[in-house]
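Each chain gets a letter, A, B and so on, in the order the sequences are listed, and its residues count up from 1.
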2 protein chains.
Amino acid sequence: MTASQFKSAPEPTLRRLPRYLHLLFRLREGGLEDVSSTLIARELKLDPTQVRKDIEYTDIVGRPKTGYPIEDLIIAIEAFLNWNNTEDAFIAGVGNLGSAMLGYQRFKKYGLNFVAAFDTDKQKIGTQIDTIPVLSIEKLPDLANRMKIKFGVLTVPPQYAQFVAEIMVEGGIKAIWNFAPCQLKLPDDVIVENAQLTQSLAVISRKLHEKKILGSD
Amino acid sequence: MTASQFKSAPEPTLRRLPRYLHLLFRLREGGLEDVSSTLIARELKLDPTQVRKDIEYTDIVGRPKTGYPIEDLIIAIEAFLNWNNTEDAFIAGVGNLGSAMLGYQRFKKYGLNFVAAFDTDKQKIGTQIDTIPVLSIEKLPDLANRMKIKFGVLTVPPQYAQFVAEIMVEGGIKAIWNFAPCQLKLPDDVIVENAQLTQSLAVISRKLHEKKILGSD
DNA sequence: TTTGTATTGCGAATTTTTTCTCGATTTTAT
DNA sequence: ATAAAATCGAGAAAAAATTCGCAATACAAA
């Protein structure tokens, strides 16, 4: 365990790493062995230096003239994000979005393995969604503790989000991926990442609005 | 149409505005009339000055000692994001995520109104999802042109994303909200916002990983 | 009326992130 | 073997975003 693993990357960097990864998968499929920061930058419309700086965080060294070995770079990024070790996770809220999340087997590639889903709807409890059992939310804390689950995904309606989040914390969950559009109030040692679609929508809404305003001149 | 409407806000600001909005809704329900940057900052764990700077972009003026009228602030933020005028939109890809998006009537509150969905699956074509008809993707360009649709949501599998995005552009769509984990190559005048879940997942994955590393010392 | 308090809004300072510059290095071609 | 081309990596510079400091202002209480 090297010291560099303790070095925290800035959030913009963390957000770019998955984009590199997707590109690298595609390039690898294409039979490429090495990749340069120049190529990545051109494909992703970024600055080559920025790509190099980002990659530095993952502790891989490139070679002049050839760049980085794609295979090694993939492994390094995955290791940096801990996506090589799958993390068992609970998900609370089996509505539209929750079901969609469960349906994505893709998440397993990103280090996330759903082991159980929770809901309050008696119609859903006892069923399975893509082999994942749906259980009563009352069982969450005890089960989380016993299974040592540290990762929770929150896809419940906003009015229940705080309540369910507290249940997760009670079960010893340390990281909550929150899809509800609200601010959770939890102990400081709980990591909360808000993955709100409305944030992303705001960016594109405003850009389109600006374009319309400018375009009408 | 004031000059300030042309002033573009930085992306971090755009991402925070919806969070303010959600909080404001909650405060309004609670019967509050005014809100200070201090209060918003405390609730959302931000810096009060940052909140004020963000709000400045929406062209509303607060009053010393009392802050901002909640109602006015809501209207100002919504206007800034153009969420007071609903934008008609097409969505391509009626899989898990696409269906989930269609199921969210909530989006109408955020200025987004789905008028038609598109897919290649003959089983799905001709059906309706939450009153939205699912049509063959071939019909997209012509229909988009005739209905003057400017906003497209892309929830198709990554291998089809580029192809379908080009079809959208052919139909005159100017803003694409892309959920596929890939980089679209489109004309420069097309706005693309990548709303990839993996980006958000990367942030929380790394934070949890760091916590584990540090915690084990 | 006066005093105390909480707030906005603006410019300055700081911090963070991105971009630029360039020497050192490795491969390829001559 | 030598020259040419392409890249990395590191430090400096620039740009962007955040935070600080404070005067001006509005309200409430004395």
Enumerate all atom pairs, one protein N or O and one N or O from nucleotides 18-23 of chain D, separated by less than 3.5 Å.
residue, atom, partner, partner atom, Å
D/dT18, OP1, B/Arg16, NH1, 2.9
D/dT18, OP1, B/Gln50, NE2, 3.2
D/dT18, OP2, B/Arg16, NH2, 2.9
D/dT18, OP2, B/Gln50, NE2, 3.4
D/dT18, O5', B/Gln50, NE2, 3.0

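- Under a cutoff of 6.0 Å and an axis angle of 45°, A/Lys109 and A/Phe25 form a cation-pi pair.
- Closest of all the heavy-atom pairs between A/Phe179 and B/Leu197 is CE2-CD2, 3.7 Å.
- Spacing between atom CG of B/Asp34 and atom P of D/dT25 amounts to 20 Å, rounded to whole angstrom units.
- One interatomic measurement links the two molecules: CG of A/Leu39 to C1' of D/dC8, which rounds to 15 Å at whole-angstrom precision.
- In this model, the phosphate group of D/dC8 is not approached by any side-chain N or O of A/Ser36 to a distance below 4.0 Å at OP1 or OP2.
- Figure legend: B/Arg63 and B/Tyr68 shown without cation-pi pairing, the cationic atom not lying both under 6.0 angstrom from the six-membered ring centre and within 45 degrees of its axis.
- Ring geometry for B/Tyr110 against B/Trp83 counts as tilted: the plane angle lies between 30° and 60°, on a 0 to 90° scale.
- Annotation for B/Ile176 and B/Ala165: closest pair CD1-O, 4.0 Å, computed over non-hydrogen atoms.
- Whole-Å rounding puts the A/Leu14 CG to C/dT16 P distance at 15 Å.
- Taking atom CD1 of A/Ile55 as the reference point, atom P of D/dG9 lies 9 Å away to the nearest angstrom.
- Ring geometry for B/Tyr57 against B/Phe80 counts as tilted: the plane angle lies between 30° and 60°, on a 0 to 90° scale.
- B/Thr13 and B/Asp54 share a side-chain donor-acceptor pair at under 3.5 Å.
- Residue A/Arg63 has a polar side-chain atom (N or O) positioned under 4.0 Å from OP1 or OP2 of C/dT27.
- Per the geometry, CD belonging to B/Glu11 stands 14 Å off C1' belonging to C/dT18, to the nearest Å.
- Look at CD on A/Glu33: it is 19 Å from P on C/dT26, rounded to the nearest Å.
- One atom, CZ of B/Arg15, and another, P of D/dA17, lie 12 Å apart when rounded to the nearest Å.
- A donor-acceptor pair under 3.5 Å is absent between the side-chain atoms of B/Thr198 and the main chain of A/Pro18, judged by distance alone.
- Heavy-atom minimum distance, B/Asn145 versus B/Gly171: OD1-O, 3.2 Å.
- In this structure, A/Glu56 atom CD and C/dT18 atom C1' are separated by 14 Å, rounded to whole Å.
- Residues from residues 64-77 of chain A lying near DNA chain D, meaning a heavy-atom separation below 4.0 Å, are A/Pro64, A/Lys65, A/Gly67, A/Tyr68 in numerical order.
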